[in-house]
Amino acid sequence: MSKILVINCGSSSLKYQLIDMENESVLAKGLCERIGIDGSLLTHKVDGKPDYVDESDLPNHQVAVEKVLKALVDPEVGVIQSVDEIAAIGHRVLHGGTKYSDSIIVNDDVKKVIRECFDLGPLHNPANLIGIEAAEAAMPGKPNVAVFDTAFGMGMDEYAYTYAIPHEYLEKYGVRRYGFHGTSHKFVSGEALKFANLDPKKGKVIVCHLGNGSSVSASIGGRCVDTSMGLTPLEGLIMGTRSGDIDPAVVQFICNHEKIDVNEMLNILNKKSGYLGMSGGLSSDNRDIAKAQKEGNHLADVAMTASRYRVAKYIGAYTAAMNGVDAIVFTAGIGENDGEFRAEVCSYLGYLGVEIDPEANKARGKRVVLSTPGSKVKVLLIPTNEELAIARETKELTNC
Ligand code: AMP
């Protein structure tokens, strides 16, 4: 009984992986799309077998979980004989508010807190709770574990997480820096401490999680010191469609000129900004922007250069925050695959004695030291694995 089902629910989607914790191998994984919308789709993948696609209706997450379990035990495409082989279920939950600084076995109190955080994570928390309740209904008696994306950020000191706005908003509404991608930052920084042979209690690590959503974290001995996302995932780096840091007065200025309200403006900052907005609507995808930059597109060049420049600025800030850095780590879609992006970011870091080995920097998607032996700071590529991180936390809490 060492198999753990990892579930990541979005408002109309459900991603899953069944992981055998004996050897941390993925037995099966898949995705339910368009839950509650016409054209539902379940795609189930098992290594060495053709993808299994089920196009029958997925009216809600409950039915989606049932279909996933059916696929997992199917005589043809399944990987287990019976659902009883699943020892526990690990759920990605976006927001745990200030209550949870660690993963926890789900009970009624935990569900209450997830519900109380609906206004902090309006798109994700309701779906995450539905996923938990669907798993409880489909597999009664099995332990469910909530792994919060905000938990890692709970390590920050008060002066790092407090916004310089009237204190009453923190007291009344919990307005503060929380940070997101926490499961990835915790996993990657923990792996970096081991991989670079750093002091497990004092090693200073900066993780650059660069994907469609991007964030940077600073941690000492695995404790988060600072992280770039804030109350919501909008703050910090330039992302696929999110602006990252911006003068808040821009919101009022544009609202007044364009005669739009703050909700519409926030939608623009979340969905129409970043690469997409800066490139004049060209694309939110890093590969498209890189290609257009090479073809001489000026806006793509500014977007790409600004994005790398902002990552370098955060690395500088976090090095100051920790009074030094032992390892800088790149991860997620861009960080794991785009050597040019990594090299350009590191070109700002000569003052730290960072030296990249161009041969090593050709690596993609595998764990490798990117810096030269003489580099004063180790630069690493460590692929993130949020599902495995969730499964490990679930195993630890449930002892399965
Ligand atoms: P993620 O959100 O972690 O899946 O990352 C998605 C981002 O990674 C997108 O902007 C992709 O363009 C980018 N990406 C993926 N593969 C590559 C690649 N080979 N070169 C450059 N960017 C990549």
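Whatever order the structure lists them in is the order used to number ligands and atoms, beginning at 1. All values below come from the heavy atoms of this structure, side chains included, with hydrogens, waters and symmetry mates left out.
Of the protein's non-hydrogen atoms, the one nearest atom 17 (C) of ligand 1 is Asn337 CB, 3.5 Å. Nearest protein neighbour of atom 22 (N) of ligand 1, counting heavy atoms only, is Asn286 ND2, 2.9 Å. Of the protein's heavy atoms, Asn212 N, 2.8 Å lies nearest to atom 2 (O) of ligand 1. At the shortest separation from atom 13 (C) of ligand 1 among protein heavy atoms lies Ile334 CG1, 3.7 Å. What sits closest to atom 23 (C) of ligand 1 on the protein, heavy atoms only, is Arg287 CG, 3.7 Å.
Among the atoms of Asp285, some N or O lies under 3.5 angstrom from an N or O of ligand 1.
Here Glu235 pairs with Arg177 in a salt bridge; the nearest charged N to carboxylate O distance falls below 4.0 Å. The pair Arg392-Glu191 meets the salt-bridge criterion, since a charged nitrogen lies less than 4.0 angstrom from a carboxylate oxygen. Using a 4.0 Å cut-off between charged nitrogen and carboxylate oxygen, Lys186 and Glu393 count as a salt-bridge pair. Using a cut-off of 4.0 Å between Lys/Arg side-chain N and Asp/Glu carboxylate O, Lys49 and Glu76 are scored as not salt-bridged. Using a 4.0 Å cut-off between charged side-chain N and carboxylate O, Glu136 and Lys111 make a salt bridge.
For ligand 1, the atoms sitting less than 4.0 Å from at least one non-hydrogen atom of Asp338 are 21 (C), numbered in the order shown with element in parentheses. Per-residue contacts place Arg364 under 4.0 angstrom from the following atoms of ligand 1 (heavy atoms of the residue considered): 19 (N).
Heavy atoms of other residues, nucleotides or ligands lying less than 6.0 angstrom from NZ of Lys67 number more than 12.
Protein heavy atoms all stay at least 4.0 Å away from atom 4 (O) of ligand 1.
Panel note: side chain Thr150, backbone His95; no donor-acceptor pair is recorded below 3.5 Å.
The heavy atom nearest to atom 14 (N) of ligand 1, considering only Ala332, Ala290, Gly333, Gly211, is found in Gly333.
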